[in-house]
Amino acid sequence: MTLQIPFDNSYSRLPERFYTRQDPAPVKAPSLIAFNQALAQHLGITPGSEEEMAQIFSGNALPDGADPLAQAYAGHQFGGFSPQLGDGRANLLGEVARNGDRFDIQLKGSGPTPYSRMGDGRAWLGPVLREYVLSEAMHALGVPTSRALAATLTGEQVFRETGALPGAVLTRVARSHIRVGTFQFFAARRDIAGLKDLFEYVVDRHYPDVAGPHKLLQAVMARQAELVAQWMSLGFIHGVMNTDNTTLSGETIDYGPCAFMDTYQPDTVFSSIDMHGRYAFANQANVIVWNMAQLATALVPLMPDQDEAVEEFTKTVHAMPEQVHIAWRKRFGQKIGLADASVEDEPLIVSLLDKMAANRADFTNTFRALSDGKARDQFLDPGDFDTWETEWSRRLEQEQDPASSMKEANPVYIPRNHRVEQMIQTALSGDFAPFHRMLDVLSDPYQPRDDARDLARPPEPSEVVQQTFCGT
Ligand code: AMP
Ligand code: MG
């Protein structure tokens with residue numbers, strides 16, 4: 001059987017300054033680590049032999065219909081603006097269109113491009129497996145996200161701070177890789193024609209019902225507000241919410257030093273390069289507003305009356321914190337069994353979170369245990385939970401079916417950071433069994449399994465991972 005990807009490319013028809021045509025760089029000895037059959041089927045992709053898939057998903061051979069390119073973009077990184085970023089280690093092979101949806105097929109770690117700056121264009125095995133597991137877990141948790149179609153080893157070494165490591169390539173699938181930074185790329189150059197082409201492309205691809213830049217801004221804000229509230233409701237920390245990692249589609253992309261929290265601490269930061277906690281857990285709600293302000297700024301040049309646009313867009317952006325807050329309240333309300341939490345319910349949510357923080361309670365397991373009556377065991381001082389529970393029980397009397405609402409909002413399994421790290425270490429010794437097992441268990445994260453209790457367990461003190469590294 002021959003691998004067939006039914007390409008239907010559109011980005012490569014945009015003007016030349018949107019990208020650089022660039023083939024992936026060949027590698028020495030590719031081998032296939034994983035291929036996502038279910039996703040392939042969903043995309044209408046016919047699998048090929050293992051050997052053929054290793055060649056194609058490592059970038060050694062091009063599938064029929066591919067039109068590889070590296071996308072140009074800009075972006076604010078930790079608040080500082082870089083007018084020239086772009087795919088420094090990725091190649092968009094092309095797109096597949098299915099049932100009205102369109103998906104990018106992209107290789108990540110597939111060699112240098114004109115946007116590589118000082119980088120080698122490569123990825124090592126650790127971040128490739130991390131992104132594979134986390135993105136697939138997020139999908140199963142119901143979060144809009146890029147996905148993983150395949151992972152390969154290159155048979156070559158890459159060099160990072162810690163020394164030589166096995167090189168790997170991830171094939172990722174996303175509704176697009178268009179970022180706030182893609183708009184900033186054209187706005188920064190005062191390339192109004194490019195900005196207009198991009199705007200029309202995005203509306204056509206992602207928001208066909210939207211008319212005009214202001215409506216686009218509002219539509220993207222609505223999706224991003226939901227997305228960040230959903231991240232927070234699962235204890236997810238993206239880690240690098242730069243504007244070049246914030247999509248127009250409203251999907252999570254660019255899993256770098258991201259992680260899920262174990263004990264609930266709202267100021268948790270994992271990324272080793274996030275010195276000031278800009279992208280700390282709780283700050284994600286603020287940062288997304290800041291990022292949308294950058295999108296607004298980049299859209300202003302499209303407006304006939306720019307002064308008026310600045311005024312209007314500013315009002316819209318100022319309304320976003322409330323939008324995020326409402327989405328947050330809805331999600332956290334569901335986590336404690338309230339179908340539609342109101343403003344009056346907020347103190348109940350906040351007081352539980354405060355008690356969890358004070359008691360070093362495990363975020364995921366505490367919420368899940370609410371429906372089993374075992375949550376108090378998660379608290380250093382169980383009496384602290386009991387006082388909250390009295391109030392909570394009173395409020396639950398008004399709810400129809402709190403138990404099932406809670407079970408749907410509170411997963412049993414998340415990709416725990418210490419498990420992800422252990423899985424990577426084991427893979428480095430050549431054993432991919434824990435990687436495949438994590439994928440399997442995390443594909444159904446709301447369903448407890450007797451044979452996977454260990455994956456629901458928080459880390460022992462000696463297992464706690466303090467930092468995740470950007471040296472991807
Ligand atoms: P990230 O922090 O992964 O979103 O990457 C930020 C920018 O750095 C993007 O333009 C990437 O393409 C680029 N980049 C990251 N790692 C590498 C690498 N190993 N080689 C070349 N470019 C890279
Ligand atoms: Mg990025």
Side-chain angles (χ1 to χ4, degrees), residues 18-20 22-25 27 58-59 68-92 104 106-132 134-135 145-146 148 154 156-170 172 174 176-185 188 237-249 251-259 269-275 278-279 284 287-288 291 294-295 467-472:
F18 278 62
Y19 51 80
T20 303
Q22 174 78 50
D23 285 351
V27 298
S58 64
L69 57 87
Q71 292 179 319
Y73 50 84
H76 278 92
Q77 301 181 301
F78 291 90
F81 187 62
S82 302
Q84 177 72 66
L85 294 169
D87 293 332
R89 50 163 164 178
N91 298 86
L92 176 66
D104 282 2
Q106 192 205 59
L107 301 184
K108 187 172 173 184
S110 47
T113 77
Y115 313 119
S116 296
R117 297 174 295 164
M118 307 302 279
D120 59 1
R122 292 296 181 188
W124 72 274
L125 181 61
V128 165
L129 297 183
R130 175 181 284 274
E131 175 154 358
Y132 200 121
L134 267 81
S135 64
T145 176
S146 68
T154 60
E156 295 178 0
Q157 292 187 321
V158 297
F159 298 90
R160 295 291 180 265
E161 298 86 337
T162 48
L165 294 157
V169 177
L170 178 76
R172 100 178 144 169
S176 86
H177 289 84
I178 298 167
R179 308 136 193 273
V180 171
T182 317
F183 279 86
Q184 293 181 290
F185 178 85
I237 304 169
H238 182 282
V240 208
M241 281 177 77
N242 293 334
T243 60
D244 52 301
N245 294 337
T246 302
T247 55
L248 268 284
S249 67
E251 283 186 334
T252 313
I253 62 159
D254 277 11
Y255 291 82
C258 55
V269 177
F270 282 108
S271 170
S272 59
I273 57 169
D274 191 358
M275 302 302 199
R278 181 181 174 90
Y279 302 136
Q284 299 182 111
V287 168
I288 194 58
N291 288 355
Q294 307 316 311
L295 176 62
Q467 283 192 331
T468 48
F469 289 90
C470 228
T472 52

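Ligands are counted one by one from 1 in listed order, and the atoms in each one are counted from 1 as well.
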In terms of atom number and element, which parts of ligand 1 are under 4.0 angstrom from non-hydrogen atoms of [X]?
X: Gly121; value: 18 (C), 19 (N), 20 (N), 21 (C)
X: Asn245; value: 4 (O)
X: Arg160; value: 19 (N)
X: Asp254; value: 4 (O)
X: Gln77; value: 6 (C)

Practice task
Starting from the Mg ion (ligand 2), look over the N/O/S atoms of Asp254 and name the nearest one.
Solution key: OD2

Mind listing the closest non-hydrogen atom pair of [X] and [Y] along with its distance?
X: Thr20; Y: Pro114; value: CG2-CG, 3.6 Å
X: Lys108; Y: Glu131; value: NZ-OE1, 2.7 Å
X: Pro83; Y: Ala74; value: O-CB, 3.2 Å

Completion exercise
Counting heavy atoms under 4.0 Å, the part of Arg122 that contacts ligand 1 is backbone

Practice task
Between Tyr115 and ligand 1, find which residue part has any heavy-atom pair under 4.0 Å and reply side chain, backbone, both or neither.
Solution key: neither

Exercise for the section: Measure the OG1-CZ distance between Thr243 and Phe81 for me, rounded to the nearest 0.5 Å. Expected result: 7.0 Å

Problem - Straight-line distance of Leu107 CG to Asn91 CG, nearest 0.5 Å - result: 6.0 Å

Practice task
Could you tell me whether any N, O or S atom belonging to Asn242 is less than 2.8 Å from the Mg ion (ligand 2)?
Solution key: no

Do any heavy atoms of [X] fall under 4.0 Å from ligand 1?
X: Asp120; result: yes
X: Gly86; result: yes
X: Arg117; result: yes

Practice task
Any chance you could lay out the side-chain contact (heavy atoms from CB on, under 4.5 Å) test for Leu134 and Thr145, step after step, and finish with the verdict?
Solution key: CA-CA 10 Å; Leu134 267 81; Thr145 176; over 6 Å; no

Practice task
Go through the steps to decide whether Tyr279 and Phe78 satisfy the test side-chain contact (heavy atoms from CB on, under 4.5 Å), and finish with yes or no.
Solution key: CA-CA 9 Å; Tyr279 302 136; Phe78 291 90; 3.5 Å; yes

Problem - Minimum side-chain heavy-atom gap Pro24-Pro68 below 4.5 Å - result: yes

